[in-house]
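Scroll down for the structure; my scribbles are underneath it.
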Amino acid sequence: MTTPTYDKLLIQVQPKPIQSSAEYEAMLCELDRLMEIEESQLSDDEASMLELLAILIEDYERKTYPMPNTATPHDVLDELVAAHQLRQKDLLDIFGSKGIASEVFNRKRGISKTQAKALGERFKVSPSVFL
């Protein structure tokens, strides 16, 4: 199966600044579809589309759900964990072990793409906020 060219992806996805929650959901679905592709299998055109969608989604989220300007992916995780009254151990299924979870929560380790995707699904937000 051949991967679509950037032109075809543009026609298919029709990316543009997001103005509504329906457009936001559609762009999230497309971002999720691209994130499901193994990084080694992702074409350059698909990677470019993924990056463009992440930018559009981040822009919409920044305008719609403003957070402090200094929010890092770890800050976002901390806020969502607190808002959902969770503890570190409640996310072991995402991080795989207490050690990795501890390193992430103590900011000694970044959040991986796979973890970002799982966190996005858990908290119903774009995985891009964790990257």
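Residues: numbered from 1 along the sequence shown.
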Practice problem: Start with the C-alpha gap between Gln12 and Leu9, add the side-chain angles, then the distance that decides, and say whether side-chain contact (heavy atoms from CB on, under 4.5 Å) holds. | Solution: CA-CA 5 Å; Gln12 175 187 338; Leu9 286 169; 4.2 Å; yes

Heavy atoms, side chains only, cut-off 4.5 Å: are [X] and [Y] in contact?
X	Y	value
Ser43	Thr5	no
Glu58	Ser126	no
Val13	Met27	yes
Lys117	Ser112	no
Pro4	Met49	no
Lys16	Leu56	no
Leu77	Leu91	yes
Asp78	Arg107	yes

Between the main-chain N or O of [Y] and the side-chain N or O of [X], is there a donor-acceptor pair closer than 3.5 Å?
X	Y	result
Gln41	Glu38	no
Thr64	Tyr60	yes
Asp75	Thr72	yes
His74	Arg109	yes

Quiz item: Are Asp90 and Arg122 within salt-bridge range, i.e. N to O under 4.0 Å?
Solution: no

Practice problem: Using a strict 4.0 Å threshold on nitrogen-to-oxygen distance, state whether Arg33 and Glu30 make a salt bridge. | Solution: yes

Self-check item: Ile111 to Pro73 - nearest heavy-atom pair and separation
Solution: CD1-O, 4.1 Å

Atom pair [atom1] ([X]) and [atom2] ([Y]), whose distance is rounded to the nearest 0.5 Å:
X	Y	atom1	atom2	value
Phe130	Leu119	CZ	CG	4.5 Å
Leu131	Gln115	CG	CD	10.0 Å
Glu121	Leu28	CD	CG	11.0 Å
Asp7	Asp45	CG	CG	7.5 Å
Leu31	Glu51	CG	CD	11.5 Å

Counting heavy atoms not belonging to [X], are there more than 12 under 6.0 Å from its [atom1]?
X	atom1	value
Lys113	NZ	yes
Asp93	CG	yes
Glu103	CD	yes

Quiz item: Step by step, would you call Val129 with Tyr65 a side-chain contact (heavy atoms from CB on, under 4.5 Å)?
Solution: CA-CA 11 Å; Val129 301; Tyr65 313 108; over 6 Å; no

Quiz item: If two hydrophobic side chains count as joined below 4.5 Å and joins carry through other members, does Phe105 share a cluster with Leu92?
Solution: no

Quiz item: Do you reckon Val125 sits in the same ILVMFWY cluster as Ile55, going by side-chain contacts under 4.5 Å, direct or chained?
Solution: no

Exercise. Anything under 30° is parallel, anything over 60° is perpendicular, the rest tilted; go ahead and classify Phe123 against His84.
Key: tilted

Practice problem: Apply side-chain contact (heavy atoms from CB on, under 4.5 Å) to Ile37 and Leu34, showing your working. | Solution: CA-CA 6 Å; Ile37 300 171; Leu34 289 169; 4.2 Å; yes

